[in-house]
Amino acid sequence: MSAAGPSNYSFFQIRKPKSGLEVRIEGKILGFNYYESLYSPMVTGSLVLEDTGGSVEDEKTGILGTIKDGMKISGFEEVSFQISTRYGELNFKNYPLIVTGSPSNFDLPNRQTILLNMVSKTEINSSKKPLTRNYPEAPISETVTKILNKELKISEDKLNIEKTKNQDKIKGNHQGALDCILKMCKKSIPAEGKDPGYFFYETQDGHNFRSIDGLIKKGIEDFDNEQYAKMHTYYYFGSIAAKLEDEYGNDFKVLTTPNVVRDEDQLKALRTGLYNVRIITKNSLTGEYKEEIKNLLSNVNLGEKQEKVVDDKDYLKTYSFHISPGADDPGVSDTILNNPADYVPQSNMRYSLLHSQVVQIQVPCNVQLKAGEVIKLYLENITQSNKNEQIYNNLRSGFYLIKDLCHAFSPTNSFTSLTLLRDTRELYRSSK
């Protein structure tokens, strides 16, 4: 069976929490999309159902009706599911997505088609209860773990939190817990690395608070595992030759022409300080004025080592910071807690560099892929020489980081759409 063929809805159910009413919907699904993103602390989904009116009995009249009308779907219903595919299961039986509303429905005399939008239960919990307390100075990663574990009741086996070397005080300010954590991403510096910049996101495995450098290092190391490498390597050729005798067939072929959404823009890079920046600081306690030009090149890349393209004294972007020691403890401390000059310019550079190249592809369904993972993409070489001497385009082929992911299911097909990020080029990474 091809991975792009129909998947099996082993279990699909809508439940009304207050009444306990449960309805199985496997045979009524026209389409289901499941989404993950590096920029989203929640997984989301959209579900399209078609119903002929014999699904739910109205509790007052006893007349059969559609799911939406009979269950009176208006939001907060629980959607549990387990989808079996060739390469594993997408299992949310014990962690249902929550309906946020039904923004669209289409009624005909003999059937009704509805759209349901859903988010993960953690987002609902975060939005219902604002974070009122303040957390004292501690490593940011430890405080993030406490918020998720104590405030949102997420078990530690569902958390993947990368340690930070810097500390900070986190104030709730009556925000949602997830929103509060998102604000800590830019200022977090990994314990093993120099480049600040984290992502806080949710996948089918749980919540992640991971640095850009950490994602890249771990993702590339995972390719030492033969099975991981097999499930995360894709090929694109202009014509897909049938490989019916192969164990995997065309399951790891890119199905559509890769869409290059963004490529390098060096003028923008210079203007936004991707390479060199001037950093000015003024200490209000000591009166010290400091000005320096810093090179922001990163040592951790998906491709070749980032090149130094400007002189040491060239810059266009300037950052100015007024440093106030003891601002969080007036009259007590003279230390500078989490100096913005140490993380703002560098994290801006790291996020910008990671988005230097943005590519969108579609592949046969593979639920083993998750946001934040690294895949290897081989693109066909364009040449008038003998293509057998160099099959792949070495400049554009190589490691990419999954930014956005959508598993799309219909009665006839299953696909995975990916938005990929890359900071530098080359199939073969520099060893220097």
Side-chain angles (χ1 to χ4, degrees), residues 1-15 22-37 40 42-52 55 66-68 73 77-106 111-121 202-205 231-232 234 240 248-256 259 360-371 373 375 402-420:
M1 179 184 75
S2 168
S7 297
N8 178 30
Y9 299 133
S10 307
F11 180 85
F12 231 117
Q13 173 184 277
I14 298 180
R15 178 177 180 271
E22 299 174 346
V23 179
R24 297 286 289 269
I25 58 172
E26 289 89 346
K28 305 179 187 301
I29 301 172
L30 294 183
F32 173 64
N33 290 349
Y34 166 88
Y35 304 95
E36 295 176 0
S37 173
S40 176
M42 58 186 148
V43 297
T44 60
S46 62
L47 179 64
V48 179
L49 301 175
E50 186 175 75
D51 198 338
T52 57
S55 300
T66 64
I67 289 175
K68 180 176 181 181
I73 290 179
E77 291 78 16
E78 299 176 349
V79 179
S80 307
F81 57 91
Q82 180 176 345
I83 303 175
S84 301
T85 73
R86 184 174 184 185
Y87 297 112
E89 291 183 339
L90 191 62
N91 190 341
F92 280 74
K93 287 185 70 174
N94 299 320
Y95 181 57
L97 299 186
I98 309 300
V99 175
T100 59
S102 179
S104 175
N105 64 282
F106 180 68
R111 65 182 183 274
Q112 181 184 70
T113 303
I114 65 170
L115 168 66
L116 301 179
N117 289 331
M118 301 165 288
V119 300
S120 61
K121 195 170 186 177
E202 186 180 18
T203 70
Q204 56 182 291
D205 292 334
M231 291 293 112
H232 291 74
Y234 285 89
I240 299 180
Y248 298 100
N250 290 312
D251 288 351
F252 295 92
K253 299 286 189 181
V254 178
L255 300 176
T256 58
N259 179 23
Q360 294 175 335
I361 63 172
Q362 186 182 71
V363 299
C365 183
N366 182 357
V367 297
Q368 294 193 32
L369 300 177
K370 304 175 187 72
E373 291 187 334
I375 71 168
I402 299 176
K403 171 181 172 283
D404 302 320
L405 171 152
C406 172
H407 298 308
F409 305 94
S410 76
T412 56
N413 297 106
S414 306
F415 300 109
T416 299
S417 298
L418 304 171
T419 299
L420 307 174

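The first residue in the sequence is number 1, and the count goes up from there.
Atom CD of Gln112 and atom CD of Glu50 lie 10.0 Å apart (nearest 0.5 Å). Taking CE of Met231 as the start and CG of Asp251 as the end, the distance is 8.0 Å to the nearest 0.5 Å. From Thr100, atom OG1 reaches atom CE of Met118 across 8.5 Å, with rounding to the nearest 0.5 Å. For the atom pair Ile73 CD1 and Leu49 CG, the distance stands at 7.5 Å (nearest 0.5 Å). Atom-to-atom distance recorded for Ser417:OG and Leu369:CG is 11.5 Å, nearest 0.5 angstrom. Atoms CD1 and CD1, from Ile67 and Ile25 in turn, are 5.5 Å apart once rounded to the nearest 0.5 Å.
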Next on the checklist: Between Phe92 and Val43, is the side chain to side chain contact (heavy atoms under 4.5 Å, CB included) condition met? List the steps.
Outcome noted: CA-CA 11 Å; Phe92 280 74; Val43 297; 4.0 Å; yes
Next on the checklist: What verdict does the side chain to side chain contact (heavy atoms under 4.5 Å, CB included) test give for Leu115 and Phe106, after you've listed the backbone C-alpha separation in whole Å, the side-chain angles of each residue and the deciding distance to 0.1 Å?
Outcome noted: CA-CA 9 Å; Leu115 168 66; Phe106 180 68; over 6 Å; no
Checklist entry - What's the verdict on side chain to side chain contact (heavy atoms under 4.5 Å, CB included) for Asn117 and Thr44, showing C-alpha distance, side-chain angles and the deciding distance? => result CA-CA 8 Å; Asn117 289 331; Thr44 60; over 6 Å; no
Checklist entry - Does the pair Thr85 and Phe409 meet the rule for a side chain to side chain contact (heavy atoms under 4.5 Å, CB included), with working shown? => result CA-CA 10 Å; Thr85 73; Phe409 305 94; 4.0 Å; yes
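Nearest approach of Ile361 to Val363, heavy atoms of both residues: CD1-CG1, 4.0 Å. Closest approach of Val367 and Tyr87 over heavy atoms only: CG2-O, 3.7 Å. Residues Glu36 and Gln204 come closest through the heavy atom pair OE2-N, 2.9 Å. When all heavy atoms are compared, the tightest approach of Pro411 to Pro6 is O-CB, 3.3 Å. Scanning both residues, Pro96 and Glu78, for their nearest heavy atoms gives CB-CB, 3.9 Å. Across all non-hydrogen atoms, the minimal contact from Ser46 to Tyr35 is OG-OH, 3.8 Å.
Checked by atom type and distance alone, the side chain of Asn413 never pairs as donor or acceptor with a backbone atom of Phe415 at under 3.5 Å. Ser414 contributes a side-chain N or O that, together with a main-chain N or O of Gly5, makes up a donor-acceptor pair within less than 3.5 Å. Proximity of a side-chain donor or acceptor of Asn8 to a complementary backbone N or O of Ser84 within less than 3.5 Å is not detected. The main-chain N or O of Asp51 is never found under 3.5 Å from a side-chain atom of Thr66 such that the two would form a donor-acceptor pair. Panel note: side chain Glu89, backbone Ser10; no donor-acceptor pair is recorded below 3.5 Å.
Using a 4.5 Å heavy-atom cutoff, the side chains of Leu47 and Phe81 are not in contact. Residues Ile29 and Val48 form no side-chain contact, since every pair of their non-hydrogen atoms from C-beta on lies 4.5 Å or further apart. Within the 4.5 Å cutoff, no side-chain heavy atoms of Phe32 are placed close to those of His407.
For Thr256, the side chain to side chain contact (heavy atoms under 4.5 Å, CB included) criterion is met by Gln362, not counting sequence neighbours.
Side-chain contact of Glu202 with Ser120: a donor-acceptor pair under 3.5 Å is present, judged by distance alone.
Within a 6.0 Å sphere centred on NZ of Lys370, heavy atoms belonging to other residues, nucleotides or ligands number more than 12.
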